[in-house]
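This report concerns only the one structure given below.
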Amino acid sequence: MSDGFDQLWADLEPLGRNRTTGGYRRFSWGEADADVRAWFVAAATARGLTVETDRNGNLWAWWGEPGPDAVVTGSHLDSVPDGGAFDGPLGVVSALAAVDELKRRGVRPSRPLAVTVFVEEEGARFGVPCLGTRLLTGAITPERALGLTDADGVTWERAMEQAGHDPSRIGADPDLLGRVGVFIELHVEQGTALIHTDAAVGVASSVWPHGRWRMDFSGQGDHAGTTRLADRKDPMLPFAETVLAARAAAEAHDAVATIGKVHVAPNGTNAIPSRVRTWLDARAPDEATLHAVVGHVDAAARRAANEHNVFHARFEESYTPVVDFDPTLRDHIAAVVGGDGTPAPVLPTGAGHDAGVLAASVPTAMLFVRNPSGISHAPQEFARPEDCHQGVVALADVLADLLGDA
């Protein structure tokens, strides 16, 4: 089992990696994305799986004939800018390695099994996370998705077409979704909960509600050396106050809020900016708290904009309500993974996942593999090989149980 995982990981690891930062730049419909998709097709085909691309660009590798009540597992291969190696790819590699393990055990599935790769999970290029599963389930309209643009103004429609796919077909796919009887996603833990246990693998209980809000501050571009302070309409000032307000709101509400992306125009050293565009990422244990955090930040941004004679606008780009994974499935899987009468640890997460989007439509569960660094969305993200191997065994055990071949 470990040899299969290790070889898959070694083949995938170099693709899309930036030699300068050590992080990954696997953005949807780009060159690196094409490379990792080709890797998946080759690896799945080598295992006798039949690969299909659905109307939204998601990949499905079927063991046997596609059919109803399928057991489905997988994750994503795209990354945040200079992200780590494990976020997403660990779930895909582990799923393929789990197929190897099931075959080694002599399992002959009594119901269909598929391994998936969902597109644009991070939302790093087009701004909306879990876009592949949102389209599949109808959580976003085709019209809005087609018009999403990247930093260069390239639309989802154009990028998808350039990658060789037909964007006119995107949208909800109830027939395909109806094939899925259960979805299991394995993922590297994006935190430190498992570090403090003896367990290499845990089970998700819930996903915090979270969203992304774009804020535009529009002022007046001018000369940095000749414009009096009293005459300025500098959008950088309310932006700076908004960054501090986000931190204060998160601390006050026991939540998290981050401003990690900003575009400044014209972005000149000796020029007062004419516009600052930034994005707020906010997450909280419950929806009321999340709305309170966002409301606090928005109010602070508006006050600061008025004080500095700057126009402010806010736009909600994505929102995911709280997700409580099916408790019966969760507890059953925790028992299967524990294996010795002691259930695996069950923990919530503040990170969004395709499993969270799918949970509104099909029974869904998640496994987490221990991350000793506690770091994610950065090159230092890590999982020990021995923990990854345990993750494959745990996933294989769960799949075998769901297939009725445990």
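Both backbone and side-chain heavy atoms feed into the values below; hydrogens, waters and symmetry mates do not.
Side-chain N/O atoms of H389 and D6 include a donor and acceptor closer than 3.5 Å. Using modelled atom types, one finds no donor on one side chain facing an acceptor on the other under 3.5 Å when comparing S206 with R330. Looking only at atom types and distance, the side chain of H187 has a donor-acceptor partner in the side chain of D87 under 3.5 Å away. A donor-acceptor contact under 3.5 angstrom links the side chains of W60 and D54, judged on distance only.
Proximity of E189 to L347: side-chain heavy atoms (C-beta onward) are separated by under 4.5 Å at one or more points. Looking at L358 and L136, their side chains come closer than 4.5 Å, going by heavy atoms from C-beta outward. Counting heavy atoms from C-beta outward, W39 and V92 have side chains that approach closer than 4.5 Å. Side-chain atoms of P266 and S274, non-hydrogen and from C-beta on, do get closer than 4.5 Å to each other. Looking only at side-chain heavy atoms (C-beta outward), T116 and N58 stay at 4.5 Å or farther from each other. Considering only heavy atoms from C-beta on, Y24 stays 4.5 Å or farther from L77 through its side chain. Residues W213 and V297 fail the side-chain proximity criterion, which asks for heavy atoms closer than 4.5 Å. Side-chain contact between V119 and H165 is absent, with no heavy atoms from C-beta onward closer than 4.5 Å.
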Requested in this report: Applying side-chain contact (heavy atoms from CB on, under 4.5 Å), run through T227 and I272 and close with a yes or a no.
Outcome: CA-CA 9 Å; T227 309; I272 299 167; 3.8 Å; yes

Report task. Output, in order, the C-alpha distance, side-chain angles, deciding distance and verdict of side-chain contact (heavy atoms from CB on, under 4.5 Å) for R105 and D397. Result -> CA-CA 10 Å; R105 297 179 187 181; D397 289 344; 2.8 Å; yes

Requested in this report: Go through R47 and D100 one step at a time and tell me if the salt bridge (charged side-chain N to carboxylate O under 4.0 Å, His left out) criterion holds.
Outcome: CA-CA 8 Å; R47 285 159 173 77; D100 291 343; 2.9 Å; yes

Query - side-chain contact (heavy atoms from CB on, under 4.5 Å) evaluation trace for L131 with L148 - result: CA-CA 11 Å; L131 189 56; L148 294 171; 3.9 Å; yes

Query raised in the report: Please walk me through it: do V369 and F86 pass side-chain contact (heavy atoms from CB on, under 4.5 Å)?
Result: CA-CA 10 Å; V369 174; F86 293 82; over 6 Å; no

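Between the T320 side chain and the P209 main chain, no donor and acceptor come within less than 3.5 Å of each other. Put simply, the side chain of N371 gets close to the backbone of I375: a donor and an acceptor are under 3.5 Å apart. One N or O on the side chain of T155 and one on the backbone of R158 form a donor-acceptor pair closer than 3.5 Å. Side chain of D281 to backbone of T258: no donor-acceptor contact under 3.5 angstrom is found. At least one donor-acceptor pair closer than 3.5 Å links the side chain of R55 to the backbone N or O of A172. Between the R214 side chain and the E317 main chain, no donor and acceptor come within less than 3.5 Å of each other. When atom types are taken as modelled, the side chain of R111 and the backbone of D69 share a donor-acceptor pair closer than 3.5 angstrom. Under a 3.5 Å cut-off, the side chain of S376 and the backbone N or O of E381 do not form any donor-acceptor pair. Looking at T45, its side chain never comes within 3.5 Å of a backbone N or O of A42 through a donor-acceptor pair. A donor-acceptor pair is defined here as one N or O able to donate and one able to accept, closer than 3.5 Å; no such pair exists between the side chain of D152 and the backbone of V154.
A salt bridge links R104 to E101: one of the charged nitrogens lies within less than 4.0 Å of a carboxylate oxygen. Salt bridge annotation for E251-R247: present, with a cationic side-chain nitrogen under 4.0 angstrom from a carboxylate oxygen. A salt bridge links E52 and R179; the closest N-O separation between the charged side-chain nitrogens and carboxylate oxygens is under 4.0 Å.
Smallest separation of non-hydrogen atoms from W29 and G57: CH2-CA, 3.8 Å. The heavy-atom pair separating R134 from Y319 by the smallest distance is NH1-O, 3.7 Å. When all heavy atoms of D254 and W208 are compared, the closest pair comes out as O-CH2, 4.4 Å. The two atoms that bring A249 and H296 nearest to each other are CB-CD2, 3.5 Å, heavy atoms only. The shortest heavy-atom contact between E120 and G127 is OE2-N, 3.9 Å. The two atoms that bring A334 and V346 nearest to each other are CB-CG2, 4.1 Å, heavy atoms only.
Atom CZ in R370 sits 11.5 Å away from atom NE2 in H196 (nearest 0.5 Å). Residue L402 holds its CG atom at 12.5 Å from CZ of F183, rounded to the nearest 0.5 Å. Separation of atoms CE (M160) and CG (L146) is listed at 8.5 Å; rounding is to 0.5 Å. L176 CG to T137 OG1: the interatomic distance, rounded to the nearest 0.5 Å, is 11.5 Å. L90 CG to E185 CD: the interatomic distance, rounded to the nearest 0.5 Å, is 10.5 Å. How far CG of L229 is from CG of D234: 9.5 Å, rounded to the nearest 0.5 Å.
Only one option out of L49, V36, V51, V117 pairs with V41 in a side-chain contact (heavy atoms from CB on, under 4.5 Å); it is V51. When each of R302, R314, R277 is tested with M215 by the rule side-chain contact (heavy atoms from CB on, under 4.5 Å), just one qualifies, namely R314.
In the displayed structure, D166 atom CG is contacted under 6.0 Å by more than 12 heavy atoms of other residues, nucleotides or ligands.
Using a 30° and 60° split on the angle between ring planes, H353 and F368 fall in the tilted class, from 30° to 60°.
Aromatic ring centroids of F239 and H308 lie 6.0 Å or more apart.
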